[in-house]
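Read the numbers this way: they start at 1 and go in the same order the structure lists the ligands and their atoms. When a residue number appears, it is its place in the shown sequence, counting from 1.
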Amino acid sequence: MFTKPRILTGDTPTGKLHLGHYVGSVENRLALQDDYECFFLIANKHAFTTRADKPADIRQSVIDIATDWLAVGIDPAKSAMFIQSEVPAIDELANFLGMLVQYARLMRNPTLKSEMIDKGLAENYSFGFLWYPIGQIADILAFRPAMVPVGEDQLPHLELTREVARKFDQLYCNVDPQTPDKEYVKAGGLFPVIEAKLGRVRRLVGTGAPSANTGRLLKMSKSLNNAIFLSDDADAVRSKVMGMYTDPKRIRMTDPGETDAEKNPLWAFHETFNADSAWVDEHRDLYKNGKVGDVVVKRKLIDVLNALLEPIRARRKQFEQRPDDVIDILRAGTIRANAVAEETLALAKKAMRQDYFIRKLTID
Ligand code: TRP
């Protein structure tokens with residue numbers, strides 16, 4: 001029987017999904033769900049690394065993320081949507097895999113470093129915060145996926161995942177260290193040396209003014225208050241776009257090919273979301289020459305964004321009225337996820353000679 005290759009990826013429930021998530025990774029998931037067996041994880045334990053004092057918010061956000069996924073068109077008949085903390089094999093695997101990561105190597109992880117700064121943690125991060133990249137390695141490897149669709153900021157975690165997969169396979173499955181990455185499983189390894197799949201837009205800018213320090217535009221992020229959410233209604237989209245930072249002096253670059261951080265955000269958004277490239281090219285020239293103003297270009301953007309978001313909003317409304325269905329979908333997805341993760345854990349224990357008993361897990 002032909003089995004589809006697997007995909008695993010996830011989101012941390014710290015709020016609703018926005019347009020940055022959409023072009024960074026969600027869009028890819030939609031495109032891939034027919035050709036791959038997809039597992040989408042809601043990383044609720046990750047959320048506790050920085051929000052342990054807000055359990056009710058995290059619970060709400062778990063439901064919000066699942067509702068957003070369903071709203072964008074993730075089809076639960078094809079893809080398994082599941083809750084990280086209800087798949088215990090992930091944690092058990094993490095415990096073993098953590099032994100294969102040097103502490104000094106972990107602390108060089110640039111994503112971890114920048115989060116310590118961005119989230120204002122300074123020296124006050126918890127021990128659990130340092131553990132989360134190990135948890136993420138286990139999130140991924142428990143599914144032995146061929147591919148992991150993520151945003152650019154996640155690449156350091158994926159590189160660590162690749163290192164751990166190679167090390168495990170060499171240590172416990174006798175894979176020759178000279179083996180090319182793509183051949184690890186064929187050579188007898190349990191874990192594939194996974195591949196990242198980046199989104200069409202690596203770093204969508206937010207709607208706000210550039211950083212006062214660097215002059216560069218900031219990435220779209222809920223915590224920076226510069227996000228347009230997939231769940232925003234038409235009025236919210238209108239007022240966010242109308243209030244969007246542009247360059248009053250028209251010095252900021254408008255040409256495609258410039259990095260988005262240095263661009264006029266209005267054009268970054270048109271290039272990303274407006275499929276009518278003839279309109280975009282024509283109006284970019286008019287804009288540069290002062291022949292068309294912000295308002296015209298903003299109005300067009302509002303139409304473009306609302307056209308994208310309208311069907312998402314309609315589906316979201318349906319699921320918002322059926323929260324029990326959302327829970328049922330998560331239960332079914334979590335059962336499927338446990339079947340795969342338990343199998344991986346059993347194989348990993350066998351490879352490590354720690355397969356003493358057989359156990360069965362049930363979820364009601
Ligand atoms: N760290 C990811 C984020 O915050 C979420 C995540 C957790 C994840 N586990 C994962 C992403 C495994 C990909 C694969 O966005």
Side-chain angles (χ1 to χ4, degrees), residues 6-29 32 36 38-51 58 61-62 64-66 68-69 74 79-87 89-91 93-94 97-98 106 109-116 118-119 121 125 128-162 164-165 191-199 202-204 219-224 227 333-334 337 340-341 344:
R6 268 184 219 134
I7 278 184
L8 175 288
T9 188
D11 293 310
T12 307
T14 49
K16 293 177 177 169
L17 298 181
H18 54 60
L19 289 174
H21 294 115
Y22 188 81
V23 288
S25 169
V26 171
E27 201 180 44
N28 257 339
R29 300 177 203 177
L32 297 167
Y36 289 80
C38 295
F39 288 88
F40 299 132
L41 150 146
I42 306 185
N44 61 329
K45 286 195 163 178
H46 273 32
F48 275 81
T49 56
T50 54
R51 316 183 80 211
I58 293 173
S61 186
V62 166
D64 285 341
I65 298 268
D68 276 336
W69 285 352
I74 304 282
S79 305
M81 308 174 14
F82 70 99
I83 302 176
Q84 185 183 40
S85 65
E86 297 290 359
V87 182
I90 291 176
D91 274 352
L93 198 58
L97 298 181
L106 178 70
N109 180 323
T111 301
L112 206 61
K113 279 194 198 163
S114 60
E115 279 177 345
M116 288 171 184
D118 294 350
K119 296 184 176 168
L121 300 175
Y125 50 84
F129 177 77
L130 296 183
W131 184 251
Y132 103 73
I134 308 295
Q136 182 156 347
I137 293 168
D139 290 339
I140 296 169
L141 293 184
F143 294 85
R144 291 170 281 148
M147 210 196 270
V148 184
V150 284
E152 196 171 40
D153 58 325
Q154 298 296 308
L155 290 181
H157 295 326
L158 298 203
E159 197 46 50
L160 213 51
T161 307
R162 292 157 55 82
V164 169
F191 295 122
V193 181
I194 52 104
E195 268 176 59
K197 166 104 180 146
L198 289 171
R202 298 191 169 184
R203 180 184 178 281
L204 184 68
K219 122 177 182 180
M220 183 173 282
S221 151
K222 175 185 141 109
S223 55
L224 296 172
T334 302
V340 176
T344 303

Element-labelled atoms of ligand 1 that are located less than 4.0 Å from some non-hydrogen atom of [X]:
| X | result |
| --- | --- |
| L41 | 7 (C), 9 (N), 10 (C) |
| A43 | 7 (C) |
| V150 | 13 (C) |
| L8 | 12 (C), 14 (C) |
| I140 | 12 (C), 14 (C) |

For ligand 1, is there an N or O atom under 3.5 Å from any N or O atom of [X]?
| X | value |
| --- | --- |
| T9 | no |
| Q136 | yes |
| Q84 | no |
| H157 | no |

Distance to 0.1 Å, residue and atom name: give those for the protein heavy atom nearest to [atom].
| atom | answer |
| --- | --- |
| atom 2 (C) of ligand 1 | Q154 OE1, 3.3 Å |
| atom 7 (C) of ligand 1 | H46 NE2, 3.4 Å |
| atom 9 (N) of ligand 1 | D139 OD2, 2.7 Å |
| atom 5 (C) of ligand 1 | T12 OG1, 3.5 Å |

Donor-acceptor side-chain pairing of T14 and T12 below 3.5 angstrom: no

Beyond-backbone contact of P145 with I140, side-chain heavy atoms, under 4.5 angstrom: yes

Pairwise side-chain contact, R162 with I194, heavy-atom cut-off 4.5 Å (strictly under): yes

Aromatic plane relationship, H46 with Y132 - under 30° parallel, 30 to 60° tilted, over 60° perpendicular: perpendicular

Ring geometry between F82 and F143 (parallel below 30°, tilted from 30 to 60°, perpendicular above 60°): tilted

Under-4.0 Å heavy-atom contact with ligand 1, by part of D153 that carries it: neither

Closest non-hydrogen atom pair, P133 against L160: CB-CD2, 4.4 Å

Over 12 foreign heavy atoms within 6.0 Å of CZ, R202: no

Contacts of type side-chain hydrogen bond (donor to acceptor under 3.5 Å, both in side chains), residue D11, not counting sequence neighbours: R29, W69

Any donor-acceptor N/O pair, T161 side chain to H157 backbone, under 3.5 Å: yes

